[in-house]
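Numbered from 1 within each chain, the chains take letters A, B, ... in sequence-line order.
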Protein chains: 2
Amino acid sequence: MPAPTSGWSPAADRILRTAAELIAERGYAATSTRTIASAIGVAQPAIYKHFSTKNDILSALVGLGVGRPLELAGELARVSAPAIVKLHRWLRESLEHFRDSPYVLVAILTTPELYQENFAAERELIRQFDGVVVDFVRAAQNEGDVRAMKPESGARLVIALFDVLAVPEYQVSPAEIVDFAFTGLLADPARLPEIRAAADALEPAGIDGDAVVNAID
Amino acid sequence: MPAPTSGWSPAADRILRTAAELIAERGYAATSTRTIASAIGVAQPAIYKHFSTKNDILSALVGLGVGRPLELAGELARVSAPAIVKLHRWLRESLEHFRDSPYVLVAILTTPELYQENFAAERELIRQFDGVVVDFVRAAQNEGDVRAMKPESGARLVIALFDVLAVPEYQVSPAEIVDFAFTGLLADPARLPEIRAAADALEPAGIDGDAVVNAID
DNA sequence: GTCTATATCGGGATAGAC
DNA sequence: GTCTATCCCGATATAGAC
């Protein structure tokens with residue numbers, strides 16, 4: 001909560017937060033550098049002392065979005081536990097990361113402009129993010145915990161649920177999203193409470209929830 | 001399949017199809033009237049003989065998107081069957097509508113620009129679309145078929161799954177999406193096959209799948 | 001109903017003073 | 001590191017000939 005700026009100067013941080021908020025409600029293309037600047041209360045060119053391009057702002061936000069989830073996936077890889085338990089922990093914590101970040105990161109990963117312009121590095125990060133879910137689902141399926149379905153399909157369905165966080169009018173909690181996703185995924189939905197308990201009890205490498213947020217820079 | 005133009009002139013129809021395709025992959029703001037025109041092979045001002053505004057194109061696409069689902073909801077309302085069965089039928093048929101339309105309608109309903117500009121009428125249509133799902137889920141829950149959860153949450157989770165159709169790289173079928181959604185929704189997931197069969201056997205008012213696509217105009 | 005030409009505007013980015 | 005002023009471009013939309 002107390003403003004975990006992560007490698008960014010306070011000024012750059014304000015730009016990122018403001019931009020994220022505006023992009024979340026208007027989309028990237030419809031968010032001008034003028035709008036961002038005036039929302040902060042500075043002149044438009046001031047932004048360019050912190051980011052040399054408007055695209056760099058979006059790039060930074062993608063990094064802030066996938067950084068912690070990718071890091072967490074790495075930590076979980078070094079823990080011994082069933083894949084389905086790791087997936088539960090990863091999903092809940094990643095959803096909370098998106099919800100609680102001071103930057104409005106939801107919907108950033110689905111920005112269409114990322115797939116049209118020079119965002120190769122960011123697309124690669126998102127590909128890794130998606131890959132984490134596919135790997136978890138496939139492993140859990142091999143261990144008999146996920147019902148018959150293509151792992152890629154299961155992963156896509158789970159990933160789509162992240163966008164539920166973005167709806168402003170009606171808030172759905174990460175816990176509700178995880179429950180829904182897992183009931184849809186599990187070979188035996190009755191095992192959900194047990195899996196949830198095991199996931200909450202996991203202790204990955206990092207101290208706790210708010211470790212380093214940005215490990216990409 | 002054979003080009004169901006629905007009240008639109010052939011020329012306007014080509015504009016809509018081309019625009020939908022471009023919007024799906026680049027976003028609305030990033031899709032210029034020049035791009036649309038040149039993709040068709042005409043000069044940019046030619047578009048304005050068919051749509052007096054770029055926004056009118058997006059508006060038409062929203063109508064094409066929600067038209068059939070809203071109509072189908074009306075038809076199902078006049079049928080006697082458990083709400084959970086109606087929801088199954090509505091969801092499968094609506095997903096197929098989005099997938100099979102000659103216009104690439106997926107992601108149109110989540111265009112952020114709709115919530116920023118003069119799109120009050122379109123927002124109302126989307127509100128109705130969402131309302132259909134909420135009503136189905138609530139009714140099915142009252143009949144004991146949906147497990148304990150807020151109907152609004154359940155509806156949001158189901159609606160989010162529509163976007164899975166939009167991922168170009170890996171195609172998830174409507175049937176897979178419905179199965180996942182219903183396993184997550186049902187109080188007793190084991191009843192899914194029975195509900196699916198009942199939904200497929202339903203015979204709503206309209207002749208069949210490809211009735212009037214646009215009932216809004 | 002299509003074209004060419006053009007008006008008008010807003011957005012990204014730079015220059016240079018302070 | 002912020003400002004003002006400005007360049008340049010691309011985008012929507014219109015005018016008017018054919």
Considering only dG11(C), dT12(D), dG1(D), which nucleotide approaches the side chain of Ser32(A) most closely?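 Nearest listed nucleotide: dG11(C).
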
I need the [atom1]-[atom2] distance between [X] and [N], as an integer number of Å.
| X | N | atom1 | atom2 | result |
| --- | --- | --- | --- | --- |
| Ile36(B) | dA13(D) | CD1 | C1' | 14 Å |
| Tyr48(B) | dA5(C) | OH | P | 19 Å |
| Lys54(A) | dG11(C) | NZ | P | 9 Å |
| Trp8(A) | dG1(D) | CH2 | P | 14 Å |
| Ile47(B) | dG1(C) | CD1 | P | 14 Å |
| Ile15(A) | dA13(C) | CD1 | P | 13 Å |
| His50(B) | dT12(D) | NE2 | P | 17 Å |
| Phe51(A) | dG1(D) | CZ | P | 12 Å |

For a quick check of understanding: with a heavy-atom distance under 4.0 Å over all strands, which category does Thr31(B) fall into, base, sugar-phosphate or nothing?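 Sugar-phosphate only.
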
Tell me, yes or no, whether the heavy-atom count around Arg26(A) atom CZ, taken from other residues, nucleotides or ligands under 6.0 Å, exceeds 12.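 For Arg26(A), atom CZ is crowded (more than 12 foreign heavy atoms under 6.0 Å).
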
Using only heavy-atom distances, determine whether the side chains of Tyr28(B) and Asn55(B) contain a donor-acceptor pair under 3.5 Å. yes

Nucleotide N/O of nucleotides 3-6 of chain D paired with protein N/O under 3.5 Å:
from, atom 1, to, atom 2, distance (Å)
dC3(D), OP1, Ala43(A), N, 3.3
dC3(D), OP2, Ala43(A), N, 2.7

Contact between Arg127(A) and Arg123(A) at the side-chain level, heavy atoms closer than 4.5 Å - yes or no? no

Of Asp130(A), Val132(A), Val134(A), which is the lone residue that meets side-chain contact (heavy atoms from CB on, under 4.5 Å) with Ile159(A)? Asp130(A)

Tell me, with the steps shown, if Val104(B) and Leu22(B) meet side-chain contact (heavy atoms from CB on, under 4.5 Å). CA-CA 9 Å; Val104(B) 186; Leu22(B) 292 167; over 6 Å; no

Ignoring backbone atoms, test whether Thr33(B) places a side-chain nitrogen or oxygen under 4.0 Å from the OP1 or OP2 oxygen of dA11(D). no

With the threshold set at 4.0 Å, does a side-chain nitrogen-carboxylate oxygen contact exist between Glu21(A) and Arg17(A)?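 Salt bridge between Glu21(A) and Arg17(A), a charged N being under 4.0 Å from a carboxylate O: no.
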
How about Trp90(B) and Phe182(B): are their ring centres within less than 6.0 Å of each other?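 Trp90(B) vs Phe182(B): aromatic centres not under 6.0 Å.
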
